Each structure stands twice: as structure tokens, then as C-alpha cells.
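This report refers to the structure that appears directly beneath it.
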Amino acid sequence: TCAPDYYRWTQWIFLQFLEAGLAYQKEAAVNWDPVDQTVLANEQVDSDGRSWRSGAMVERRLLRQWFLKITDYAEQLLTDLDKLDGWPERVKLMQANWIGKSVGARVTFKTKDDQDIVIFTTRPDTLWGATFMVLSPEHPLVESLTTEAQRAAVETYQKEAAAKSEVERTADDRSKTGVFTGGYATNPVNGEQVPVWIADYVLMDYGTGAIMAVPAHDQRDFDFAQAFGLDIVQVVFAPDADPVEAAPLAEAYSDNASGVLQNSGPLDGLTVPKAKKRVIKYLEEQGIGTAQTTYRLRDWLISRQRYWGVPIPVIHCPDCGTVPVPEADLPVELPEDVTFAGRGPSPLAKLDHWVNVDCPTCGTPAKRETDTMDTFIDSSWYFLRYCDANNDQQVFDKGKVNDWMAVDQYVGGIEHAILHLLYSRFFTKVLRDRGLLNVDEPFKRLLTQGMVQGMTYKNPVSGKYIPSESVADPSHPMDPETGEPLEVFYEKMSKSKYNGTAPGAVLAKYGADTARMFVLFKAPPEKDLEWDDADVEGQFRFLNRVWRLVQEFALVEPKPAANELSKAEKDLRRAIHTAIKDVTEDFEGDYQFNTAVSELMKLSNALSDYQDKASAVYEEGIRTLIAMLAPFAPHIAEELWQAIGETESVHRAPWPQVDPDALVVDEIPLVIQVMGKTRGTIQVPSKSDKAALEQLAKESELAQRY
RNA sequence: GCGGAUGUGGCGGAAUUGGUAGACGCGCUAGAUUUAGGUUCUAGUGUCUUCGGACGUGGGGGUUCAAGUCCCUUCAUCCGCACCA
């Protein structure tokens with residue numbers, strides 16, 4: 001994605017976004033990584049407020065930046081999750097959470113001097129219970145609402161809030177802080193005067209930055225009211241049979257299911273769901289509010305003050321404003337004659353000959369945009385380019401993309417749940433709406449594979465991690481210095497925890513085939529894998545057994561195929577074809593390679609136990625085993641394939657096919673239960689009808705005994 | 001707090017539509033081979049047992065001839081989101 005013949009098209013796609021009105025600049029309080037000296041998208045800041053890349057605490061800065069309007073696609077990105085049957089529920093939920101849809105209403109409260117305070121609420125049915133309002137400290141109306149008596153307190157609070165980071169403001173500590181502005185507003189449904197407060201738990205960038213507070217029915221509002229003695233609690237719904245009074249309320253009453261509205265004018269007597277519908281109509285009739293849906297998803301900030309990235313292909317002209325670079329001038333290449341001065345501002349900004357250009361529209365001197373794009377842009381469409389990777393005329397051929405897409409199976413880590421996987425869905429939908437392709441969703445099936453974890457020794461007293469080499473007796477691990485017993489557990493590998501495994505050492509000792517077999521066998525692909533040297537040994541043993549089995553077989557002179565198979569031969573043949581069936585199903589289904597490997601082991605065991613090594617069925621078994629081993633242990637399988645006299649590569653050999661006849665059994669063990677208890681089995685002909693089976697069961701020794 | 005997932009031997013994990021729970025592997029026990037250790041091979045390995053059996057898939061209850069699987073309830077662990085109005 002860093003090659004100009006790729007990012008040329010990344011820039012072209014950016015221009016498509018620009019043309020569609022989906023790329024724009026705005027000044028906003030953004031996430032600034034002080035270590036990498038760049039801004040970051042919301043998705044790239046973890047819940048502790050740290051940069052996904054540098055790990056530094058992110059600061060807020062007011063900067064003019066480029067954004068992509070992913071919010072325009074919030075609803076589609078949410079509803080189309082239902083189409084993704086092949087995705088883990090967990091990932092879909094994380095995306096739904098991140099998009100954060102809330103359905104409710106905007107309602108306008110009036111101040112004394114007739115200014116509008118617009119609030120957003122998901123509970124417009126509780127409007128009659130609103131007894132105060134809270135604005136975000138940054139809310140533009142705070143200044144005019146604040147009375148002289150309260151001004152000092154309000155300004156102090158605003159300063160404190162501004163100094164706090166987003167994380168501090170939303171930290172675990174739920175104790176409420178806030179200040180009364182001295183101002184009042186009118187509740188539009190009942191004309192009550194309600195005091196207006198400011199508090200930092202109300203966030204300027206969600207909803208409208210202002211809320212109505214309903215202490216009787218919202219626990220946060222209740223807590224706030226208690227903390228500040230706002231004891232006007234108006235109850236507006238209650239269980240029908242058990243009206244709740246204001247006075248004894250110990251906590252907010254928020255059981256919506258059984259509530260019936262009271263003290264609420266036109267809503268009285270309605271259930272909560274009905275009141276929610278009715279109130280919207282009422283607000284609209286009265287001209288005081290409308291239905292509204294909000295999303296937590298924010299537009300995607302894509303500007304980066306980094307050198308390594310795709311230059312944003314626009315030119316800033318003093319006369320024409322922001323002008324896109326004409327398609328014919330793409331790519332805007334990253335200059336190579338830059339000077340890096342450690343960490344600091346992007347070196348692009350200092351490169352005058354690159355920055356200074358003529359405006360493509362009017363020809364007057366202008367300046368290039370020096371920000372580059374978030375690298376997640378590059379990876380949001382590469383799967384489309386894969387369909388037509390060498391096209392130098394267009395981004396990709398529509399026919400080819402429609403033919404190949406969507407991706408049948410995507411494999412990736414859970415860490416991309418709300419990053420790459422959301423961005424790629426967004427890009428696919430935008431490019432579809434630009435008429436460039438016909439698919440709605442890029443990835444049909446998603447497998448989030450687990451991580452490899454290492455065996456970790458930790459002294460629970462000192463908290464120190466101990467390298468495994470220092471542990472003398474692994475069955476009773478002790479701290480070599482203090483003799484204290486150690487905790488043993490599995491955790492993500494890390495140098496500081498001495499729990500890593502050097503792949504080179506494993507490969508040198510056992511070979512790549514063993515390592516691969518171990519990884520596939522140890523756990524199903526979506527689960528974390530606990531690296532255990534003893535299990536690696538186990539795989540090594542298995543491959544050695546197969547090796548010996550084939551070497552022994554190579555010395556035997558096989559007999560020609562018999563017309564009539566003995567019972568032993570039939571049994572072996574059934575084992576062979578059961579293995580083919582099961583391994584094939586593991587490949588075609590959910591990639592449960594752990595059970596596929598175990599099927600290979602079973603087949604190997606069956607062959608190992610089989611006496612007549614010269615039988616043609618035995619030979620079939622050996623050939624089948626090697627052929628099915630090939631995808632798991634390609635080197636050994638190739639070697640063994642030659643050992644049995646083949647000259648072509650095993651990897652070109654056809655995959656073994658199931659012979660349904662081989663799976664048929666003449667006799668099956670029938671489970672006998674007497675009075676609901678399993679008592680044993682009897683052998684019965686597999687083609688018996690119900691009456692015959694009942695007869696056999698009644699005559700059986702088990703039936704006599706119980 | 002909200003949402004989701006998962007609970008099966010000493011361990012990792014298997015078990016089609018409800019039909020012999022614990023496949024396969026690790027580990028462990030005993031024996032054989034070996035000067036010894038390792039390797040390799042054989043047998044055993046859910047718990048209890050008066051050797052007849054009984055019990056057993058986090059706990060409790062239910063449906064069924066039959067439940068790891070279906071229903072109700074409860075507990076625990078992990079993950080995501082979290083003052084989102």
C-alpha cells in the first residue's frame with residue numbers, strides 16, 4: 001500500500017469521497033498523540049485514553065483536520081450487520097455498540113430571555129418529570145444563563161473541566177460534580193421553571209450537549225439531585241397497581257415494562273411504550289420537539305501529521321480555496337528528499353519545493369496539503385484491488401470486482417473489530433453508491449483467530465516473573481531465589497514475562513511440520529492457544545510414528561486387491577473412509593483443524609494395529625494417510641509419498657474421495673436401555689426393522705438380567 | 001450498570017437432528033526393551049464401590065423412554081461498552 005501505483009488509487013478514492021461530499025475539513029477538538037506528534041481517530045484511542053500505536057496518553061487539541069463522513073452510513077452499517085451470518089456475534093455487537101444508535105426526541109426548552117436550549121432524550125415520555133437541566137460546561141448558552149452571583153463559581157468549574165482529559169471526565173469515579181448557573185428555563189410541556197446546572201458528566205459532543213434531568217426515573221439524575229439537594233422529584237410513571245410517591249423514593253424508578261404514566265397531561269394512563277409514541281406526536285403538534293435518532297459514531301478523522309502515509313491529494317489556493325489535485329496528476333508522490341529530525345512536525349511541511357505549487361484551477365501560487373492519510377484508509381479497499389491488481393487504467397474493473405467479491409472467508413484478530421472491519425464495510429458501501437461495484441458487504445465469513453499464549457511463572461508474593469529455565473522442577477515450581485511457590489498460568493507472550501517461545505529453536509529441534517501440526521491440533525482456530533513444549537513433543541512423536549509406519553510398508557510386497565474383503569479389511573476400509581469424510585468436512589466447514597489432526601491420528605492408529613500389511617486395503621490406508629497429511633505436514637508428506645514409489649508431488653495428487661459403500665456396516669452395536677438406564681449393547685444386523693429389533697432386545701441377555 | 005460468550009477428567013480439548021459422555025493428544029501409573037536415563041513398545045488411567053453396581057458435563061429444578069445438548073432458575077469466569085442523556 002506504500003507503492004505509488006497502489007496509493008495513486010487510494011488518492012483517487014479520496015477524490016471520490018470529496019466529490020460525494022463525504023470528505024471535509026473542520027476545526028475540532030481532536031485526539032493528539034504527543035509521542036507520535038499526530039492526531040488519531042476515535043477508534044485508535046483505547047478505553048484508557050492511550051494511543052493504539054505509541055501507548056501515550058492522548059491529549060485534546062483544537063485543530064483543522066480532514067474527516068470522512070462515516071456517520072452518513074451509521075444506519076446502514078448497523079442494519080447490515082444482520083446480513084453477516086458468518087461473523088462472530090461478538091464482533092457484530094462491538095460494532096453495534098460503537099455505532100451506538102439511540103432513538104428519542106429533540107425538545108426545546110426556553111430561557112427567560114427567549115433563547116432555545118435544545119436537549120436530546122431517549123425518554124421524551126418522562127418530560128413531565130423533568131425538574132432541572134444540565135448543560136455541558138462548554139455549552140455556548142452557559143455564559144448568558146449564568147447570573148452574576150454564580151459567575152465566579154461557573155467559570156472556575158469550566159476551567160477545571162477544560163483541564164481534565166476526556167478519560168478523567170468519564171472515569172470510573174461516578175460521584176457527580178456540578179455548579180448551578182443561577183439561570184432557569186421553562187419546561188415546555190407544563191410551564192414549570194427548572195434550574196439550569198452545568199456538570200462535566202454531560203458531554204458536549206454527544207446529543208446536543210444539554211439534557212433534561214428526570215431524577216424520579218433516571219439513576220444518574222437521581223444521584224445528581226441527591227448530591228446537590230435538588231429534592232423536587234416528580235414521579236410520572238408507576239406500576240398501575242402500586243403508585244409510587246415522590247417522598248419515599250430511595251432510587252430512581254426505571255422499570256419501563258410495567259409503568260403507567262401519571263402527572264403527564266395527555267399521556268396519563270398510557271403504558272411507557274405507548275406514551276413514547278404518543279409524546280412525539282404531541283411535541284410536534286405543539287412545535288416544541290421532534291423525533292430524533294442519534295449515533296455515538298463520530299466522523300472518521302483521517303489527517304495524520306506523519307511522513308509515512310498517502311499524501312492527501314488537495315491544494316490550498318488563496319483564491320479558489322481547497323482544490324482537488326486533478327486525476328491526471330495522480331499520484332501525488334511522497335518526496336524522498338526529506339529530512340527527518342527525530343520526532344516532531346511532519347517533514348513534508350518543511351519541504352518548500354514540494355509544498356509550493358501552482359493552483360490547478362487558477363494558476364496562482366498555492367500550497368499542497370501536507371497531512372497524509374491514516375494508514376487504515378490504505379487497508380480499507382485492498383481486497384478490491386486484489387481482484388484486479390495490475391490495472392493501470394482504473395482503480396479496478398467493475399466486472400472483475402463483482403465477479404470475485406465478496407470475500408468468502410476473512411481471517412483476522414479481534415483487535416480489528418471496530419477499526420479495519422468497520423472501515424472496510426464503510427468503504428465498500430461508499431464505492432457501491434459511487435457505482436463502482438455491486439456488493440453491500442465486503443466479507444461474508446469472519447474468523448477471529450486466537451492468540452498464542454506462553455506458559456508464565458510468577459511469584460505471587462513479589463510479583464516477579466520467572467524465566468522457565470530457572471524453574472528446576474516444573475511440577476512444583478519455586479522461585480529459585482526465595483523458594484516461594486510460583487503461580488503458573490498462560491498469558492500473551494511478552495519479553496518482560498519471559499513466557500515467549502523462540503520459533504527458531506522449535507524449528508531447529510522439530511522442524512516446521514511439527515510446529516504447524518502442533519499449532520493446528522492444540523486448539524480450535526478461534527481460541528487462544530497455550531504453547532506447551534510437551535504437546536510439541538507429542539506431535540513430533542506422531543509424525544515419527546507415521547514415518548516408521550510408511551518406511552515399514554515400503555519394504556512389504558503388496559498383494560493384488562482381493563475380490564471379497566475379509567471382515568478385518570472391511571473394518572479398516574471403513575476407518576479409512578470415515579477419516580476421509582471427517583477430515584474433508586473439517587476443511588469445508590468451520591476449519592476445526594484440531595479434530596482433523598485427531599482423525600489423522602486415529603487412522604494412523606488403525607493402520608498401526610492392522611496385522612496384514614500386505615493387504616491392498618492397507619495400502620489404500622497408507623496412501624490416504626499421506627495424502628491427507630500433506631496440507632498439515634507438507635514436507636514429510638512429500639518425502640513419504642516418494643518413499644511409496646510416487647514420482648509426482650503429493651501436493652498435486654487428488655484429494656481422497658469418500659466411498660459411501662465403505663461406510664456401510666453389516667452389524668451395529670444397539671444400545672439397550674431398561675427403564676431409562678443404559679445397560680449395555682447388543683450386536684444387531686444394521687438392516688433390521690423395528691419389530692426385529694424389539695425381538696432381539698427382548699431376547700438379549702441384558703433384558704433377562706434387568 | 002448494560003450487552004455478549006463460556007463453564008465437560010490432573011491439562012488442552014471431542015461428542016451429527018436429544019441416543020453408549022470424555023474421541024484425539026498431553027500428563028500420570030505399571031510392565032517390556034536398554035548398562036542407565038531418554039527414545040520405542042504393551043497395558044491402564046472420570047469418581048466411588050460391599051465388584052452387584054452407583055454416581056458423573058458449574059449448582060438447583062423441569063420436559064423426555066433417553067439431556068453435555070431442550071426449558072426455567074442460579075452461580076462463576078472471561079470479553080466488549082460504559083456518566084451516551
Side-chain angles (χ1 to χ4, degrees), chain A residues 47 88-102 104-105 107 119-124 126 130 133-136 169-178 199-203 205-214 217-221 223-224 254 294-298 414 417-418 448 453 455 474-475 488 490 517-518 521-524 526-542 544-545 548 581-582 585 589 592 594-605 608 668-682 705-706:
Chain A
S47 52
E89 208 56 36
R90 182 160 76 121
V91 175
K92 290 194 274 186
L93 264 152
M94 282 167 74
Q95 292 208 356
N97 256 328
W98 187 256
I99 294 167
K101 181 179 182 177
S102 294
V107 184
I119 58 111
F120 172 73
T121 176
T122 56
R123 296 301 306 275
T126 63
M133 298 182 77
V134 188
L135 306 190
S136 166
R169 282 180 61 167
T170 58
D172 279 347
D173 174 21
R174 275 150 193 271
S175 60
K176 298 275 188 290
T177 62
D200 64 6
Y201 80 90
V202 177
L203 309 172
D205 62 359
Y206 185 78
T208 61
I211 61 165
M212 66 168 188
V214 185
H217 304 294
D218 183 288
Q219 191 59 42
R220 291 158 310 185
D221 298 344
D223 293 344
F224 191 85
S254 51
T294 65
Y295 300 89
R296 286 179 50 213
L297 185 69
R298 297 275 83 94
I414 188 69
I418 54 168
T448 52
Q453 302 195 316
M455 192 184 276
S475 55
V488 185
Y490 284 91
M517 290 282 286
F518 160 73
F521 176 67
K522 178 74 178 176
E526 69 279 4
K527 286 199 65 166
D528 285 344
L529 181 154
E530 298 176 350
W531 188 282
D532 181 348
D533 290 339
D535 284 321
V536 180
E537 293 264 9
Q539 285 308 315
F540 188 62
R541 277 206 285 273
F542 168 63
N544 276 311
R545 275 201 294 275
R548 283 194 301 272
K581 181 169 174 282
D582 290 349
E585 282 172 0
Q592 302 298 300
N594 56 328
T595 53
V597 172
S598 85
E599 292 301 328
L600 295 180
M601 289 172 167
K602 276 194 236 179
L603 178 56
S604 160
N605 291 345
S608 183
I668 56 162
L670 180 73
V671 177
I672 302 295
Q673 292 185 341
V674 184
M675 300 298 285
K677 285 203 183 296
T678 303
R679 293 300 182 182
T681 61
I682 55 172
R705 193 136 59 99
Y706 296 97

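This one's a predicted model, so the numbers in the text were calculated from it and none came from an experiment. Chain letters run A, B, ... following the sequence lines, proteins first and then strands; every chain starts at 1.
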Base, sugar-phosphate, or nothing for A/Arg90, non-hydrogen atoms under 4.0 angstrom?
sugar-phosphate
Separation of B/rU39 atom P from A/Phe542 atom CZ, nearest Å, is 19 Å
What's the gap between B/rG9 and B/rA15 when it is taken at their C1' atoms, as a whole Å value?
15 Å
Given the 90°-from-0 boundary between syn and anti, B/rG52 should be labelled syn
Comparing A/Glu530 and A/Ser102 on RNA chain B - which has the more 5′ nearest nucleotide
A/Glu530
Distance, rounded to the nearest Å, where A/Asn97 contributes CG and B/rC79 contributes C1':
12 Å
What is the nucleic acid contact for A/Pro524, judged by heavy atoms within less than 4.0 Å: base, sugar-phosphate only, or nothing?
sugar-phosphate
Expressed in whole Å, how much space separates the P atoms belonging to B/rU20 and B/rU29?
33 Å
Listed nucleotide nearest any side-chain atom of A/Thr122, set B/rC81, B/rA85, B/rA15:
B/rA85
Assess whether a salt bridge exists between A/Glu585 and A/Lys581, defined as any Lys/Arg side-chain N lying under 4.0 Å from an Asp/Glu carboxylate O.
yes
Please report the distance separating the P of B/rU69 from the corresponding atom of B/rU17, rounded so that it comes out in whole Å.
15 Å
When the distance from CZ of A/Arg296 to C1' of B/rG3 is rounded to whole Å, what number comes out?
12 Å
Considering Watson-Crick and G-U wobble pairs with both distances under 3.5 Å, what does B/rG56 pair with?
none
Just to verify, what does A/Asn544 make a side chain to side chain donor-acceptor pair (under 3.5 Å) with, not counting sequence neighbours?
none
Rounded off to whole Å, could you give me the CH2-to-C1' distance for the A/Trp531 and B/rC11 pair?
17 Å
Looking at the side chain of A/Tyr201, which of B/rA23, B/rG4, B/rC83 is the nearest nucleotide?
B/rC83
Listed by chain and number, what are the ring-ring contact (aromatic ring centres under 6.0 Å, His included) partners of A/Trp98, not counting sequence neighbours?
none
Quote, to the nearest angstrom, the P distance that separates B/rU57 from B/rG46.
16 Å
Which value, in whole Å, describes the distance between the P atoms of nucleotides B/rG53 and B/rG61?
27 Å
Go ahead and name the base partner of B/rG10; Watson-Crick or wobble counts if both distances stay under 3.5 Å, otherwise write none.
B/rC26
So if I take every side-chain heavy atom of A/Phe120 and compare against B/rA85, B/rA15, B/rC24, which nucleotide ends up nearest?
B/rA85
Of the options B/rU40, B/rA14, B/rA85, whose atoms approach the side-chain atoms of A/Tyr206 most closely?
B/rA85
Contacts of A/Ser102 that satisfy side chain to side chain donor-acceptor pair (under 3.5 Å) - sequence neighbours left out:
A/Tyr206
Return the pairing partner of B/rU64 with a 3.5 Å limit on both distances, Watson-Crick or G-U wobble; otherwise return none.
none
Taking A/Ala417's backbone N and O only, do any of them form a donor-acceptor pair with A/Gln95's side chain (distance below 3.5 Å, no angle check)?
yes
Give none if B/rC41 has no partner; otherwise give the nucleotide forming a Watson-Crick or G-U wobble pair with it, both distances under 3.5 Å.
B/rG31
The criterion is ring-ring contact (aromatic ring centres under 6.0 Å, His included); which residues satisfy it with A/Tyr295, sequence neighbours excluded?
none
Between B/rC78 atom P and A/Tyr490 atom OH, what is the distance in whole Å?
19 Å
Do A/Phe542 and A/Phe521 have ring centroids that are under 6.0 Å from one another?
no
Syn/anti label of B/rG80 as read from its glycosidic torsion, with the cut at 90° from 0:
anti
Between B/rG3 and B/rG68, how far apart are the P atoms? Round to whole Å, please.
30 Å
For A/Ile414 and A/Arg90: C-alpha separation, side-chain torsions, deciding distance, then whether side chain to side chain contact (heavy atoms under 4.5 Å, CB included) applies.
CA-CA 9 Å; A/Ile414 188 69; A/Arg90 182 160 76 121; 3.6 Å; yes
Across every strand shown, the nucleotide meeting Watson-Crick or G-U wobble geometry with B/rG3 (both distances under 3.5 Å) is B/rC79
Rounding to a whole Å, what distance do you find between A/Lys101:NZ and B/rA85:P?
13 Å
Of A/Val597 and A/Gln592, the one whose closest nucleotide on RNA chain B sits nearer the 5' end is A/Gln592
Pairwise C1' distance for B/rA5 and B/rG22, with rounding to whole Å:
23 Å
Between the side chains of A/Asp535 and A/Gln539, is a donor N or O closer than 3.5 angstrom to an acceptor N or O?
no
Suppose you measure atom P in B/rU47 against the same atom in B/rA23; what distance do you get, rounded to whole Å?
13 Å
To the nearest angstrom, the NZ-P distance between A/Lys92 and B/rG4 comes to 13 Å
May I have the distance from A/Glu526 (atom CD) to B/rC79 (atom P), rounded to whole angstrom?
17 Å
Write down the partner of B/rU16 under the Watson-Crick or G-U wobble criteria, each distance required to be under 3.5 Å.
none
Its contact letters, B for base, S for sugar-phosphate only and - for none at protein heavy atoms under 4.0 Å, make nucleotides 25-32 of chain B read SSS-----
Side chain to side chain contact (heavy atoms under 4.5 Å, CB included) with A/Gln592: which residues, sequence neighbours excluded?
A/Pro524, A/Pro525, A/Glu526, A/Asp586, A/Asp590, A/Asn594, A/Thr595
